[in-house]
Every structure is written in structure tokens, then in C-alpha cells.
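Here is the structure we will look at.
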Protein chains: 2
Amino acid sequence: MVKQVSKSPPRARGGVPYVTTSPAELDGDTEQRILDAAHTVFMKTGTAGARMQEIAREAGVNSALLHYYFRSKDRLAEAVFHRAAGQLLPAVAGVLASDRPLAEKVRAIVEIELDRLSRTPYLPAYIISELAHHPERITHFISALTGSQPDALGRRLLRVVGGQIDEEVRARRMRPIAPEQFLVNLLSLCIFPFAARPMISAMMGLDDKAFARFIRERREKLPDFFLNALRP
Amino acid sequence: MVKQVSKSPPRARGGVPYVTTSPAELDGDTEQRILDAAHTVFMKTGTAGARMQEIAREAGVNSALLHYYFRSKDRLAEAVFHRAAGQLLPAVAGVLASDRPLAEKVRAIVEIELDRLSRTPYLPAYIISELAHHPERITHFISALTGSQPDALGRRLLRVVGGQIDEEVRARRMRPIAPEQFLVNLLSLCIFPFAARPMISAMMGLDDKAFARFIRERREKLPDFFLNALRP
DNA sequence: GTCTATATGTTGATAGAC
DNA sequence: GTCTATCAACATATAGAC
């Protein structure tokens with residue numbers, strides 16, 4: 001029942017120099033292949049619905065190897081989630097924390113996020129679903145977003161953006177809005193269409209191509225929509 | 001393997017007159033209690049993660065009864081999803097289809113949706129997660145939304161709203177926007193905060209109370225934000 | 001590191017008494 | 001309609017050979 005905590009993972013990846021690509025390394029080493037396979041399967045079925053067997057098949061290895069590298073399904077799930085979480089927002093956080101003008105930030109975020117999500121469209125649904133069923137993974141989500149404590153980053157971003165909003169308001173270039181609402185509005189408009197894609201596509205009768213077109217139009221029009229909302 | 005299709009469900013609910021509340025009916029009849037319990041459990045764990053046993057416990061009955069009423073876990077999941085899907089959007093669809101002025105529709109939808117979701121905050125994550133893992137349930141989602149064919153309702157709404165937008169644009173009261181973008185923007189702003197609640201709460205350090213306050217502020221400010229975005 | 005074989009525990013589902 | 005008892009099918013995880 002109680003497992004020894006440190007049947008240490010086979011090796012820490014990273015600093016091995018001068019390794020002439022070994023046979024296993026040809027298409028990425030095994031651990032990486034497993035992680036990728038797990039990512040694919042978890043994405044499609046959700047962690048609870050996924051079978052270790054299928055992940056092994058997808059990775060082209062035996063299922064015992066998954067346990068050799070990741071010890072348990074739950075830890076594998078954590079690893080995958082952690083990596084996935086690192087793809088949703090850190091670029092956005094970087095832009096927000098910078099000292100560029102607010103309007104420029106909005107344009108940059110819309111572009112960055114819509115481009116990224118176009119490449120990994122299932123990411124939002126996966127993250128949302130995972131967080132709904134495993135609230136304890138919020139920690140992973142945050143730490144994937146940054147190295148700092150849970151809400152330290154959030155607070156910093158709110159302060160920075162809040163400051164910029166105040167400036168704009170004082171200069172009569174913007175109507176007041178709470179920075180929390182500002183951020184949630186922006187993220188909602190970027191992320192939700194992907195999270196709710198099946199719904200949206202079905203309701204409006206969009207096939208894959210039409211959806212892509214819809215997103216391209218969005219990428220172009222959304223920044224103005226958002227910025228107009230804040231004109232005084 | 002092949003199951004006879006029609007070991008018909010025990011009875012069709014609905015038209016039984018003059019039934020002096022039988023003992024079982026006192027706190028809702030059994031089928032209803034099971035459905036409610038399943039709703040709760042599926043919501044929390046997701047369908048794949050849920051256990052029939054736990055649903056039975058939650059309903060206060062034996063797990064064999066679940067199969068008596070719903071035949072299989074999958075059918076129970078369908079029933080729950082169908083009912084849940086009917087809570088997310090039909091009120092919105094009703095407002096959109098009406099002949100009220102566009103601005104009024106926006107205000108009504110924000111209020112209706114935020115009020116409803118405040119009462120059932122896990123609904124969006126559940127629907128999103130379920131649709132991501134079971135694309136085949138889109139049909140249920142749509143038919144729960146209306147009696148009509150898959151995208152018939154969507155098309156009608158787009159036509160109505162599109163017409164109203166055109167009017168407003170011609171009268172120079174609104175800047176042009178595709179009705180698809182209009183609707184997705186509105187729904188994004190209403191629904192996403194609930195779907196991504198754990199993320200948002202963690203990043204901004206909101207407890208339950210602060211989140212509720214956040215939503216109340218949103219209910220008040222969102223309509224103007226949205227309508228301002230479309231000023232010419 | 002990677003495989004085969006297997007232990008161990010759940011889980012959805014059914015049979016049959018009441 | 002509701003319960004008890006039980007089955008058959010998996011799924012996760014480990015042992016141990018190579």
C-alpha cells in the first residue's frame with residue numbers, strides 16, 4: 001500500500017554530452033515517445049477514460065515500460081498535464097508582464113493565442129476537463145505557468161495591467177474596468193471558441209475548413225472589438 | 001453481445017393521473033432520484049471516472065437498480081447529458097429568436113446566463129468535457145436545445161440576429177460584425193468564466209465568495225462592455 | 001531498457017429470491 | 001420494484017527473464 005517514494009526515475013534527462021544518437025534516440029528517446037503518446041490518448045479520452053495499454057500501443061512499446069518510466073498512471077497523467085498546462089498561457093503572461101502599451105498587448109495576445117490554439121485545438125477542453133475533475137492539479141497548472149507561488153504571478157499581472165488601465169483612464173483614452181474583468185474578458189474571447197468548438201461547429205454548421213476560416217476572421221477582428229469596448 | 005433493443009424501460013413517465021403519492025414518490029420517484037444522483041456524480045468525476053456504485057450510494061438504492069432503469073452506464077450517461085445540455089442554452093435561444101431589439105437581447109442574455117450558471121457552476125465544464133470525449137453526443141446536445149434538426153436552429157438564429165445587425169449598421173448605430181462572431185463573443189464572455197473557474201480563481205486568488213462577487217460585478221458591467229464594442 | 005507472464009483488485013452487468 | 005450474490009472482463013501494476 002505504502003510505496004517507497006524514491007525508486008528513483010531511471011535518469012534525469014538533460015545534461016548528457018557527446019551522445020552519438022543511439023538507436024532509441026532516432027525518433028526521440030523512449031520516455032519522450034511515451035509522454036507524447038500519453039498526451040495524444042489523454043487528450044482524446046480524458047485521463048479517466050484512457051487505458052495504459054492504448055498509450056503503450058500508441059508509443060510502440062510494451063505497457064510495462066510505462067510503469068518503468070512513470071511508476072503509475074496517475075503520475076503519467078500529472079506529467080502530461082504539467083507539460084500541457086505550460087502551453088496554454090505562459091506566452092500570454094510574458095506579454096502581459098512586459099512594458100508594452102496596453103493596446104499593443106491586446107493585439108499581441110489575440111494573435112499569439114489564436115495561432116497557438118489553432119495548432120493544438122484540443123488543449124483548452126483538456127485543461128478545463130482535467131481541472132474540473134482534479135482540482136488538486138491547479139498547483140501544477142500554476143507552476144507550469146511560472147516558477148513562482150500560486151497566485152504571485154496573477155497578482156503581479158493584475159497590478160501591471162491595473163496600472164496601465166488607470167493611466168489610460170486618467171488620460172481619458174479608456175473607460176474604467178477592473179483588471180480582473182479585463183483579463184477574463186480577453187481570455188474568454190480567445191480560448192472559449194476552441195473549448196466549445198464541437199458545440200459551435202454543430203450549431204452553426206461549420207466543418208473543419210469553415211471553422212479555420214472563422215478563427216482567421218476572428219484573429220483579424222477581435223482586437224478592435226475588444227479595444228472598442230473600452231473606448232470612453 | 002447483441003442486446004435485444006426493447007426490453008422496454010419500465011414505464012414512460014408523464015401521463016399517469018390520480019396517483020396518490022405512493023411511498024416511493026415522497027421524495028421523487030426512484031428513476032428521478034437515480035438521475036439526480038448520476039448528475040451529481042458525473043458532474044464531479046466525469047462519466048469515465050464515475051462509478052455506478054457511487055451513483056447508487058448517492059441515490060440511496062442498490063446498484064442493480066441503476067441497470068434496471070437505465071440498462072447500462074452509457075445510457076445513463078446519455079440521459080444525464082441530455083438533461084444537462086437542456087440547461088445551458090435554450091433560454092438564450094429563446095431570447096435570440098424573439099423580436100426584441102438587439103441591445104435588449106444582449107442585456108437579457110447576460111443576466112439569464114450568469115444567473116443560471118451561478119446556480120449550476122459546473123455545467124459548462126461538464127458539457128465541454130463530455131463533448132470533447134464523446135463527439136457523438138453533439139446530436140443529443142442539439143436536440144436537447146430544440147426539437148429540430150442539428151443546425152436548423154443555429155441557422156435561424158444567425159439569420160434573425162444577422163438581420164438585426166444589418167438594420168443597426170444601416171442606421172449607423174452599430175459597426176458591422178458577422179453574426180457568428182457576435183454570438184460566439186457573447187457566449188464566450190458569459191460561459192468561459194465558469195468553465196475555467198479553477199484556473200481563474202487560482203490565478204487571481206479568489207475564494208468562493210470573491211468569485212461570486214466577481215460574477216455579480218460581471219453581470220452588471222458586461223452588457224455595456226459588449227455593446228460598447230459595437231458602437232460605430 | 002525492454003519484454004512476457006501474471007497477480008490483484010475493480011467494475012459493469014446479470015440471475016434470481018423476495 | 002428492490003435487494004443479495006456473483007460473474008466475467010478488464011486494467012493497473014509487479015516479477016522476473018533477457
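Naming convention: chains lettered A, B, ... in sequence-line order (proteins, then strands); numbering from 1 in each chain. On a predicted model such as this, the values are computed, not experimentally measured, just so you know.
Ring centroids of B:Tyr122 and B:Phe42 are separated by 6.0 Å or more, keeping the two rings apart. The ring of A:Tyr126 has its center no closer than 6.0 angstrom to the ring center of A:Phe194.
Summarising the geometry, the separation between CG on A:Asp74 and P on D:dA11 is reported as 18 Å, rounded to the nearest angstrom. Regarding A:Leu66, its CG atom lies at a distance of 15 Å from the P atom of C:dG1, rounded to whole Å. Protein atom NE2 of A:His67 is 16 Å distant from nucleotide atom P of C:dT4, rounded to whole Å. In this structure, the CG atom of A:Leu76 is 10 Å from the P atom of D:dT12, given to the nearest Å. Atom-to-atom, CD1 of B:Ile34 to P of D:dG1 comes out at 11 Å; the value is rounded to the nearest Å. In this structure, the OH atom of A:Tyr68 is 5 Å from the P atom of C:dG1, given to the nearest Å. Between the C1' atom of D:dT4 and the CG atom of B:Asn62 lies a distance of 7 Å, rounded to the nearest Å. Separating the CG atom of B:Asp29 from the C1' atom of D:dG1 is a distance of 12 Å, rounded to the nearest angstrom.
Side-chain contact, B:Gln87 with B:Thr120: no donor N or O sits under 3.5 Å from an acceptor N or O.
When side chains are defined from C-beta on, A:Gln32 counts as touching A:Asp29, because their heavy atoms get closer than 4.5 Å.
The stretch residues 41-61 of chain B touches DNA chain C through B:Ala50, B:Arg51, B:Met52, each having a heavy atom under 4.0 angstrom from the strand.
Nearest to the side-chain atoms of A:Arg71 among the listed nucleotides D:dT14, C:dT2, D:dA13 stands D:dT14. Comparing C:dG12, C:dA15, D:dT2 by their nearest atom to the side chain of B:Ala64 picks out C:dA15. The B:Tyr69 side chain lies nearest to D:dT2 when the options are D:dT2, C:dG12, D:dT12.
Annotation for B:Glu78: atom CD counts as buried by contact number, over 12 foreign heavy atoms lying within 6.0 Å. Atom CD of A:Glu111 has more than 12 heavy atoms from other residues, nucleotides or ligands within 6.0 Å.
At D:dT2, one or more side-chain N or O atoms of B:Thr30 fall inside 4.0 Å of OP1 or OP2 (strictly under the cut-off).
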